[in-house]
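Please read these numbers as outputs of a predicted model, since none were measured by experiment. If you read the sequence from its start, that first residue is 1, and numbering goes on from there.
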Amino acid sequence: MKTSSRNAWLFLSPALLLMGSFTFWPLLFGSYVAFTRYDLISPPQWIGLDNFRYILDDPVFWQAMANSLRYLLVVPAIQLSGIALALLVNQALPGIRLFRAALYLPVITTVSVVGIMWNWMYADYGVLNSALRWMGWLPPEQDIGFLSDEDLALYSVMFVTYWRGLGYYMVLYLAGLQAIPAEMQEAARLDGANRWQRFWRITVPMLKPTILFCSLISTLDAIKAFEEVLVMTRGAPMNATYTALYYAFHQGFNQLDFGRGSAAGLILTLVCLLLAWLNFRLMRADHR
């Protein structure tokens with residue numbers, strides 16, 4: 001082996017060791033456990049497809065999967081808002097750096113703090129209900145059950161995901177906007193193109209790779225929604241906020257059935273791969 005190749009492998013070895021220990025090995029072992037009965041105490045016992053049969057016959061799983069698919073409504077909302085905010089903060093306006101930092105602050109705030117804060121805001125006598133009563137939009141003795149109403153709870157949690165991730169996608173789109181050569185915008189302006197024409201004919205086509213990346217990442221994050229559910233609702237009320245990943249977590253860590261939890265996680269992985277393929281199929285052909 002050449003010295004340069006040996007040095008390259010030496011530099012890569014720490015990262016490869018970490019990935020092998022915390023990514024590849026858990027993936028392989030989890031795929032094996034999905035076909036076994038395993039409670040973390042006794043050795044895994046091979047049972048074939050029994051875990052998958054149980055999960056596919058469980059109505060709670062299908063409700064959780066439906067909630068996860070409904071969670072995808074966050075994707076177009078957060079992408080359009082991210083592009084709009086990126087266009088705004090890309091302007092040379094007074095205090096724009098402070099505005100960018102304020103928008104990015106929820107991204108670096110821990111999910112436990114975010115969950116506690118929004119639980120307090122969503123409470124019956126929390127900030128939102130109190131503000132609505134103060135503005136006269138709610139009777140004095142009435143409140144909106146943002147997290148207790150089966151029809152509202154999932155959308156309330158989805159809004160927290162939207163609020164928490166908006167700054168992240170804004171930064172990605174801002175980087176994409178700043179990578180567009182200014183000469184292209186200037187040439188179009190000299191040719192008489194207005195702002196709307198420049199946006200659709202220059203900005204959007206040049207942003208296609210960023211849009212593809214952000215759409216893929218946000219889709220996978222939405223279908224794997226878990227942290228907000230764990231901190232805020234734990235699937236309540238009446239499984240209205242039960243997501244597929246929370247179902248896998250519940251089977252493994254609450255029911256101590258790691259075989260069923262791994263099987264649910266494997267099914268969710270296949271759904272993620274399908275959604276990733278659809279993203280590339282729908283957007284990459286247009287990008288080419």
| query | Counting only heavy atoms not in M117, do more than 12 fall under 6.0 Å of its CE? | reply | yes

| request: Check the surroundings of atom CZ in F253: do more than 12 heavy atoms from other residues, nucleotides or ligands lie under 6.0 Å from it? | output: no

| message | Tell me whether the count of non-hydrogen atoms from other residues, nucleotides or ligands lying under 6.0 Å of CH2 in W46 goes above 12. | response | yes

| said: Distance check, rounded to the nearest 0.5 Å: N7 atom CG versus L10 atom CG? | reply: 6.0 Å

| query | Which atoms form the tightest heavy-atom contact between L166 and S81, and what is the distance? | reply | CD1-CB, 3.5 Å

| Would you say the side chain of L56 lies within less than 4.5 Å of the side chain of I267, judging by non-hydrogen atoms? | yes

| message | With a 6.0 Å cut-off (strictly less than), is the heavy-atom count around CH2 of W120, excluding the residue itself, greater than 12? | response | no

| task | Please round to the nearest 0.5 Å and tell me the distance separating atom CD1 of I41 and atom CZ of F258. | result | 9.5 Å

| Under 6.0 Å from the CZ atom of R37, do we count more than 12 heavy atoms belonging to anything else shown? | no

| Which distance, rounded to the nearest 0.5 Å, do you find between the OH of Y104 and the CG of L85? | 14.0 Å

| Is any side-chain heavy atom of Y168 less than 4.5 Å from a side-chain heavy atom of I78? | no

| said: Using every non-hydrogen atom in the two residues, find where S215 and T219 come nearest and quote the distance to one decimal. | reply: O-OG1, 2.6 Å

| Common cluster, L105/F99, ILVMFWY with side-chain heavy-atom separation under 4.5 Å | yes

| task | Let me see the working for N67 and T241 under side chain to side chain contact (heavy atoms under 4.5 Å, CB included), right down to the final yes or no. | result | CA-CA 7 Å; N67 288 338; T241 60; 5.9 Å; no

| field | Spatial distance of atom CH2 (W134) from atom OG (S130) [nearest 0.5 Å] | value | 12.0 Å

| field | Test side chain to side chain contact (heavy atoms under 4.5 Å, CB included) applied to R133 and Y125, step by step | value | CA-CA 10 Å; R133 280 191 289 267; Y125 287 91; 3.3 Å; yes

| request: Kindly give the heavy-atom pair with the smallest separation between S31 and L266, and that separation in Å. | output: OG-CD1, 3.9 Å

| message | Is there a path of hydrophobic side-chain contacts, each under 4.5 Å between heavy atoms of I/L/V/M/F/W/Y residues, joining L128 to W137? | response | yes

| OG1/T233 to CG/L154 distance, rounded to the nearest 0.5 angstrom? | 8.5 Å

| L220 vs L216 side-chain heavy atoms within contact, under 4.5 Å | yes

| field | Single-linkage hydrophobic cluster I211~W200, side-chain heavy atoms < 4.5 angstrom | value | yes

| Whether Y242 and Y246 hold their rings parallel, tilted or perpendicular, with breakpoints at 30° and 60° | perpendicular

| In terms of hydrophobic clustering (I, L, V, M, F, W, Y; side-chain heavy atoms under 4.5 Å; direct or indirect links), are V157 and V107 co-clustered? | yes

| Whether T243 side chain and A225 backbone form a donor-acceptor pair below 3.5 Å | yes

| task | Would you confirm whether Y169, through its side chain, and S218, through its main-chain N or O, come within 3.5 Å as a donor-acceptor pair? | result | yes

| said: Starting from F213, can I reach L273 by hopping between I/L/V/M/F/W/Y residues whose side chains sit under 4.5 Å apart? | reply: no

| Where N129 and I144 come nearest, the two heavy atoms and their spacing | OD1-N, 2.8 Å

| field | Within-4.5 Å side-chain heavy-atom neighbours: I116 and N119 | value | no

| query | Do V111 and R164 have side-chain heavy atoms sitting under 4.5 Å apart? | reply | yes

| query | So, for A248 and G265, which heavy atoms are closest and what is the spacing to 0.1 Å? | reply | CB-N, 4.0 Å

| When rounded to the nearest 0.5 angstrom, what is the spacing between CE in M170 and CG in L103? | 5.0 Å

| field | Verdict with supporting geometry, Y173 and N90, side chain to side chain contact (heavy atoms under 4.5 Å, CB included) | value | CA-CA 10 Å; Y173 281 120; N90 197 35; over 6 Å; no

| query | Just wondering, more than 12 heavy atoms not from R201 lying within 6.0 Å of its CZ? | reply | no

| request: Would you check if there is a donor-acceptor pair between the side chains of T161 and Y71 at a distance under 3.5 Å? | output: yes

| Backbone N or O of A182 within a donor-acceptor pair of the Q185 side chain at under 3.5 Å? | no

| task | Tell me whether the centres of the aromatic rings in F146 and W118 are closer together than 6.0 Å. | result | no

| query | Does a side-chain heavy-atom distance below 4.5 Å link L174 with R100? | reply | yes

| field | Validation row: F35, N51 side chains within 4.5 angstrom (heavy atoms) | value | no

| query | Do S68 and Y247 have side-chain N/O donor and acceptor atoms under 3.5 Å apart? | reply | no

| At their closest point, which heavy atom of K224 faces which heavy atom of C272, and how far apart are they? | CG-SG, 3.9 Å

| said: side chain to side chain contact (heavy atoms under 4.5 Å, CB included) for S156 and V160? Distances and angles first, verdict last. | reply: CA-CA 7 Å; S156 299; V160 176; over 6 Å; no

| query | I223 versus L69: any side-chain heavy-atom pair under 4.5 Å? | reply | yes

